[in-house]
Amino acid sequence: MPQSLAKILIHVVFSTKNRQPLIVPPVRDEMQAYLIGALGELQSPSLRLNAQPDHVHILCNLSRRLCSADLVERVKTSTSRWVKTKGDAFREFHWQRGYGVWSVSESMADAVMKYIAEQEQHHRRYTFEHEYRRLLELHKMAFDEKYAWD
């Protein structure tokens, strides 16, 4: 019997528009639960995720039926629509237009999960902008500074 199998782990990062710190309690926990459900519906189960006040990190197993751009677009659209129902403070909620996606080898999955889990400690010392630049440089990705933050 023929099978089509894939295991593609990806680390996804995107921020709120203009890095507005809108992902705050109690919506933060609800958003994380919503993201887990949305990823599951897209057959891209999360291994670890962490929503910070101005950005989100996701490590997931990318569905063999989706490309990373489609996954990110669908997750961002769905969560944006959902969070706008959480009250007046969120009516103007938007994600930034861009995002970062990096492949993760199985041998590095635990390290990436730890990195994502420790976001609170990390951001006591570093801004999102610093972290994002560092990730781009670490993965040897060229980027244009003027478009990195819209």
Side-chain angles (χ1 to χ4, degrees), residues 8-63 65-105 108-150:
I8 303 168
L9 303 181
I10 59 171
H11 179 189
V12 182
V13 178
F14 50 87
S15 81
T16 59
K17 186 174 182 176
N18 300 317
R19 269 90 32 234
Q20 294 178 333
L22 297 173
I23 308 170
V24 293
V27 79
R28 178 180 183 257
D29 292 340
E30 287 182 63
M31 179 178 282
Q32 290 181 150
Y34 187 90
L35 283 163
I36 291 168
L39 290 161
E41 286 181 21
L42 294 170
Q43 298 177 338
S44 298
S46 65
L47 302 174
R48 174 75 70 182
L49 60 82
N50 194 326
Q52 290 300 295
D54 63 351
H55 69 284
V56 172
H57 285 263
I58 298 168
L59 177 65
C60 67
N61 188 357
L62 181 65
S63 169
R65 296 192 169 136
L66 289 175
C67 70
S68 60
D70 289 342
L71 176 81
V72 173
E73 178 183 354
R74 291 168 74 174
V75 166
K76 285 168 66 174
T77 298
S78 176
T79 54
S80 180
R81 188 176 304 129
W82 169 81
V83 79
K84 288 176 182 177
T85 69
K86 293 299 168 184
D88 291 342
F90 303 103
R91 288 221 171 110
E92 297 301 317
F93 182 92
H94 295 283
W95 294 113
Q96 75 175 109
R97 291 190 334 212
Y99 59 89
V101 174
W102 301 277
S103 60
V104 176
S105 67
M108 293 301 296
D110 286 341
V112 174
M113 284 191 275
K114 183 176 189 261
Y115 174 76
I116 292 171
E118 294 176 349
Q119 284 294 293
E120 284 84 5
Q121 298 92 306
H122 178 78
H123 287 294
R124 289 184 192 134
R125 296 184 60 196
Y126 302 106
T127 65
F128 169 72
E129 289 88 345
H130 178 270
E131 174 185 45
Y132 194 68
R133 278 188 199 99
R134 187 177 153 277
L135 286 168
L136 293 169
E137 291 165 1
L138 178 69
H139 292 280
K140 298 181 180 2
M141 295 178 74
F143 66 99
D144 188 330
E145 187 77 28
K146 70 180 179 181
Y147 297 112
W149 312 115
D150 68 348

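We number each residue from 1, following the sequence as shown.
- Counting only heavy atoms from C-beta outward, the side chains of Glu131 and Tyr115 approach each other to under 4.5 Å.
- Gln121 CD: more than 12 foreign heavy atoms inside a 6.0 Å radius.
- Arg134 is not listed as a side-chain neighbour of Tyr126, based on a closest heavy-atom distance of 4.5 Å or more.
- Summarising the local packing, CZ of Arg74 is surrounded by 12 or fewer heavy atoms from other residues, nucleotides or ligands at distances under 6.0 Å.
- To the nearest 0.5 Å, atom OG of residue Ser44 and atom CG of residue Asn61 are 7.0 Å apart.
- Put simply, CG on Leu22 and CE on Met31 are 8.5 Å apart, with the number rounded to the nearest 0.5 Å.
- No donor-acceptor pair under 3.5 Å is formed between the side chain of Tyr132 and the backbone N or O of Val13.
- When every heavy atom of Pro53 is checked against every heavy atom of Thr16, the shortest pair comes out as O-CG2, 4.2 Å.
- Between the CZ atom in Arg65 and the CG atom in Asp70 there is a gap of 14.0 Å [rounded to 0.5 Å].
- The residues Arg133 and Glu137 are annotated as not salt-bridged, no charged nitrogen and carboxylate oxygen being separated by less than 4.0 angstrom.
- Within the model, atoms SG of Cys60 and NE2 of His11 stand 10.0 Å from one another, a figure rounded to the nearest 0.5 Å.
- A donor-acceptor pair under 3.5 Å is formed between the side chain of Thr85 and the backbone N or O of Trp82.
- Within the 4.5 Å cutoff, the side chain of Leu39 has heavy atoms near those of the Leu49 side chain.
- The main-chain N or O of Lys114 is never found under 3.5 Å from a side-chain atom of Arg48 such that the two would form a donor-acceptor pair.
- With Ser15 contributing its side chain and Arg19 its backbone, the two residues share no donor-acceptor pair below 3.5 Å.
- Using a 4.5 Å heavy-atom threshold, the side chains of His55 and Gln119 count as touching.
- Glu30 CD: more than 12 foreign heavy atoms inside a 6.0 Å radius.
- Contact record, Gln32 with Ala51: OE1-N, 2.8 Å, taken as the closest heavy-atom pair.
- Residues Ile36 and Ser46 come closest through the heavy atom pair CG1-OG, 3.6 Å.
- Rounded to the nearest 0.5 Å, atoms NE2 (His130) and CG (Leu135) are 10.5 Å apart.
- With hydrogens and angles left out, the side-chain atoms of His122 and His57 include no donor and acceptor closer than 3.5 Å.
- Between Ile10 and Leu71, some side-chain heavy-atom pair lies under the 4.5 Å cut-off.
- Note that CD of Gln43 is 11.0 Å distant from CG of Leu62, once rounded to the nearest 0.5 Å.
- Using modelled atom types and a 3.5 Å distance limit, the side chains of Ser68 and Tyr99 yield no donor-acceptor pair.
- Of the N and O atoms on the side chains of Gln52 and Asn50, at least one donor lies less than 3.5 Å from an acceptor on the other residue.
- A heavy-atom distance below 4.5 Å is not found between the side chains of Trp102 and Leu138.
- Taking both residues in full, the closest heavy atoms of Tyr34 and Ser78 are given as OH-OG, 2.6 Å, listed atom of the first, atom of the second, then distance.
- Under the ring pair (Phe, Tyr, Trp, His ring centres under 6.0 Å) criterion, Phe90 pairs with no residue, sequence neighbours left out.
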